[in-house]
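Down below is the structure, laid out as structure tokens.
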2 protein chains.
Amino acid sequence: MADGASPEIGTRRERARADTVREIRETARRVLVTSGPEGLALRAIAREMGLSAPALYRYFPSREDLVEQLVADLYDELSDHLEAARDAVRPPRPGAQLLAAARAFRHWATTHHAEFGLLFGSAAQGVVSGDVAEGPAELAGRRFGGVFAALMAQVYLEQPFPVPADGELTPELQEQLEAWCAKLPVALPLGVMSVFLSCWIRLYGMVCMEVFGHLRFALADPEPMFESEMRRVASELGIVEDCSPPS
Amino acid sequence: MADGASPEIGTRRERARADTVREIRETARRVLVTSGPEGLALRAIAREMGLSAPALYRYFPSREDLVEQLVADLYDELSDHLEAARDAVRPPRPGAQLLAAARAFRHWATTHHAEFGLLFGSAAQGVVSGDVAEGPAELAGRRFGGVFAALMAQVYLEQPFPVPADGELTPELQEQLEAWCAKLPVALPLGVMSVFLSCWIRLYGMVCMEVFGHLRFALADPEPMFESEMRRVASELGIVEDCSPPS
DNA sequence: AGAGTGAGTGAACAGCGTTAGCTAACGCCG
DNA sequence: CGGCGTTAGCTAACGCTGTTCACTCACTCT
């Protein structure tokens, strides 16, 4: 999807190279799921595809770059998953679609622990890097976030839900939200942005806690709590459609 | 605090050993902050205290156990920090204390990135381990959670806030919450437990996203958003006290 | 005083990311 | 078709990691 180059382009060598790069990414993906984020070693990837480790340096300048490419691939895969769930909703009302995407997010996370850990855990570049690295991972991450943002906007535009007026927000928060809004394609009331962030925080928090095991102190099976949270969020957004999960 | 043994106890050797263990833990802590979670190497710890790496195996059976001990220490330190913030609130109304603890949590997280990453990131044992390991880290983690749980209970007992009735909860969720409630010292309505979890999810989600950099796509400075979230949560809990941060 | 225990050591193993230097095959151009 | 430059891949090596083994030395207890 992001690498949508027709296979007939470029010289023979360039095609072979592109194939190898693709194979490396697929193999890395496979090693990730079988060995976990900690076992994602260059040598393991090379071994898996019958290469020596230094050979990979012909294709990626360092392990970090390879991992970043993998992160981008995973974000894309996750985005595809969300969009598929969104588009499968009949009738296509934005509210139901938003809930479907949220459930798809949790489903993907719980069935792809290693991948989720790589994307959203602290192992990513997140902990320390101060400036916003404009790599492919960042780009793919934006696409992922955009899926939820677009749905949220549609929900609001179709049927506005109660939102704090600009005056109710702290001046500091207004400033932050305005700066963000300026980077977005469509302008929405600042209150909508704050509600979107709030909802996203709840979804992220819930799923992260479940996958990282920080909910086991209370719940053996977090799904009912997840559904409860979704219901609360949905009611805050004025979503009145059938909220029962598709199961 | 957790290791409250008087210094006069045990034989000479036992005291020396306890001192060394303590020194190892302190050194590990120091290495963690200077080199990050990835740089927390046995050899680095040993080097820092003029030892060879294998010497540490006299005190900890593996690096994993040392890290677990460190996690427990950090949980204790964080709990102390929260309790100090809680106890500094005058007058000591539970609502204001809960807010103070939440702010102290964020403050500790943002000023202790490496430590927070070790406690709450995916690098911990959380991603894979299926069963609940009853190590010292788990115990210290429970103490940490207990600070918030106790405050929440006090807030409710002093002035009950609106809470879903048992009948409004899914049977599955009721079951989960009852199982949890059975492990707790005091029994509270299931609705309170669900609201507590919901609030904790929001706090955890907000702080995790900020520290792990998953909020930079929107906010350069997440503090105003954090305060906004706290205000929302507080109003849900019927907390009407002065909500302004102490700054 | 002699035995035993335990702390600490260096050497070693397997694995990691990464670099350097080499070989051999490939594609292109005259 | 012959030669040349590019490039994929290799091995060897460096420094790092966690961990084990065999050993020494000092301290403790009988």
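Letters A, B, ... mirror the listed sequences (proteins, then strands); counts begin at 1.
Distance B/E23 CD to C/dA7 P: 14 Å, rounded to the nearest Å. Put simply, CG on A/D19 is 18 Å from P on D/dT7, counting in whole angstrom units. In this structure, CD of A/E14 is placed 15 Å from C1' of D/dA8, rounded to the nearest angstrom. Atom CG in A/L51 sits roughly 11 Å away from atom P in D/dT11 (whole-Å rounding). Residue A/I45 contributes atom CD1, which lies 16 Å from atom P of C/dG15 at whole-angstrom precision.
Residue A/Y57 is in base contact, counting any heavy-atom pair closer than 4.0 Å across all strands shown. Using a 4.0 Å heavy-atom cutoff across all strands shown, B/R63 reaches sugar-phosphate atoms only and no base atom. Nucleic acid contact class of B/A55 (heavy atoms, under 4.0 Å, all strands): base. Residue-level contact check: B/Y59 touches the backbone only, with heavy atoms under 4.0 Å from sugar-phosphate atoms and none from bases.
Listed candidates were C/dT9, D/dT19, C/dG17. Nearest to the side chain of B/S52 is C/dT9.
Between B/F120 and the choices B/F105, B/W108, B/F212, the ring pair (Phe, Tyr, Trp, His ring centres under 6.0 Å) rule is met once, by B/F105.
For the pair A/E48 (side chain) and A/T27 (backbone), a donor-acceptor distance under 3.5 Å is absent.
Between C/dC26 and A/R17, no contact under 4.0 Å exists linking OP1 or OP2 to a side-chain N or O.
Judged by distance alone with a 3.5 Å cut-off, a donor-acceptor contact links the side chain of B/R58 to the base of C/dG8.
In this structure, a donor-acceptor pair under 3.5 Å is present between the side chains of B/D65 and B/S62.
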